[in-house]
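For reference, the structure is listed below as structure tokens.
In what follows, every heavy atom counts, from backbone to side chain, and hydrogens, waters and symmetry copies are set aside. Numbering of ligands and ligand atoms starts at 1, following listing order. For the single chain, residues carry numbers from 1 onward in sequence order.
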Amino acid sequence: MTACIVGWAHTPFGKLETETIESLIIRVANEAMDNAGIGPDEVDEILLGHFNAGFSPQDFTASLVLQADPRLRFKPATRVENACATGSAAVHQAVRAVKAGDARVVLVVGVEQMTKTPGPEIGKNLLRASYLPEDGDTPAGFAGVFGKIAHNYFQRWGDQSDALAMIAAKNHKNGVENPYAQMRKDFGYEFCRTESEKNPFVAGPLKRTDCSLVSDGAAALVITDTATALKMKKAVAFRGHAHVQDFLPMSKRDILKFEGCTQAWGKALADAGITLSDLSFVETHDCFTVAELIEYEAMGLVPEGQGARAILEGWTQKDGKLPVNPSGGLKAKGHPIGATGVSMHVLSSMQLMGEAGGIQVPGAKLAGIFNMGGAAVANYVSVLERLR
Ligand SMILES: CC(=O)CC(=O)SCCNC(=O)CCNC(=O)[C@H](O)C(C)(C)COP(=O)(O)OP(=O)(O)OC[C@H]1O[C@@H](n2cnc3c(N)ncnc32)[C@H](O)[C@@H]1OP(=O)(O)O
């Protein structure tokens, strides 16, 4: 038995000044149940993906989902956290509950509100997802961590500035067509490649256009067993899934390899009984452009050290042989931490149902999703397929 996505909801991502954590949660919880055509009585379990780490004074948030409808009162509700993979951690927990037969219908919500936090605090909060004895004083927050990774990658494999700018330009271009995206502006390759007042260096070789955005937003899913799903309006199955957790200290691993990502892709593709070339597209964790570059290698699209080929030869463009981040990715869509993994599953489901509008990958049949917490510490891969 597998688990299926049967309904979803997604707020626009961005600076949502009039929203609160509570209002975002309530909005997507109700919209997802409506979208699935189920009532709150039918929900067996609730999982909330919320990273927080200082972004919100409210740290005990699972019960906020119950406020979406009085009929959710007394349902089991739990908050799940695994750094920037928090959203997928909640999704995979739901899949396991359904597959184990513990729950027939699970409501998953992912949420974060980051933009109400003052600038310097944002970087500090995000760094709580790093190994504090090593990275705690890194300037520029998590950009500093990935700035070091980019610097070391350039040392080992040569300057990759062209490839990073092309990844940024691709994702910004894709994001223009995504109505949920925070930044819908086609900056173009030259702007992303060139240091300027509007595109300064942030950390190491990473410029502003190499970084994901600071965002507010929420997304939700209804996940059921297959028998239930087949009686509903739509059914997108988890054909394969895998979670691989690695050491937290970067000094205990070769950080340029993202080995946890490789393992997660290997396990999920084997679980699905397919190879990477069977996928119609991939939504991957481009928290920084260098992460997407290394992920091309880790997922097995290109050999180690040759990530640039995948973008320079156009493979990962929307019309390439494996479109990567047709949604615009974290780069353009935004990255409200707890919502990101849930958003990836929502937008991939929309693709498979042919409901993705301007970001639609024509004829999409199989979707691959990679959501990462820390620097390849928490690694989640899902392979989704439309059942009906
Ligand atoms: C933690 C894990 O477990 C793993 C992960 O995923 S790590 C990722 C976690 N997320 C992050 O680290 C967020 C990284 N991004 C940032 O910190 C910030 O976006 C940044 C430091 C790159 C820029 O912030 P800033 O310098 O304060 O920019 P800000 O003053 O807000 O905006 C200035 C301009 O740049 C634009 N801008 C801001 N961030 C941008 C970005 N990332 N890309 C492109 N443009 C951006 C703004 O829209 C604004 O444009 P206008 O002047 O035209 O209005």
Open item on the list: For the aromatic rings, using the six-membered ring if either is Trp, is the centroid distance between F238 and H345 under 6.0 Å?
Closed with: yes
Open item on the list: Counting C-beta onward and ignoring hydrogens, is there a side-chain heavy-atom pair between W8 and K234 closer than 4.5 Å?
Closed with: yes
Open item on the list: In terms of relative ring orientation, are F187 and H172 parallel, tilted or perpendicular, with 30° and 60° separating the classes?
Closed with: perpendicular
Open item on the list: Please say yes or no: joined through hydrophobic side-chain contacts below 4.5 Å, possibly via intermediate residues, are L164 and I149 part of one cluster?
Closed with: yes
TODO: Flag the pair M250 / N152 as yes when at least one side-chain heavy-atom distance between them is below 4.5 Å, and no otherwise.
DONE: no
Could you pull out every N or O of ligand 1 that sits under 3.5 Å from a protein N or O, with the distance for each pair?
residue	atom	partner	partner atom	Å
ligand 1	3 (O)	C84	N	3.1
ligand 1	3 (O)	G374	N	2.5
ligand 1	6 (O)	H285	NE2	2.8
ligand 1	6 (O)	H335	NE2	2.9
ligand 1	15 (N)	S212	O	2.9
ligand 1	26 (O)	R208	NH2	3.4
ligand 1	35 (O)	R208	NH1	3.1
ligand 1	42 (N)	C211	O	2.9
ligand 1	42 (N)	S212	O	3.1
ligand 1	43 (N)	R208	O	3.3
ligand 1	43 (N)	K331	NZ	2.9
ligand 1	52 (O)	K198	NZ	2.8
ligand 1	53 (O)	K198	NZ	3.3

Open item on the list: Under the rule for salt bridge (charged side-chain N to carboxylate O under 4.0 Å, His left out), what residues qualify as partners of E112, not counting sequence neighbours?
Closed with: none
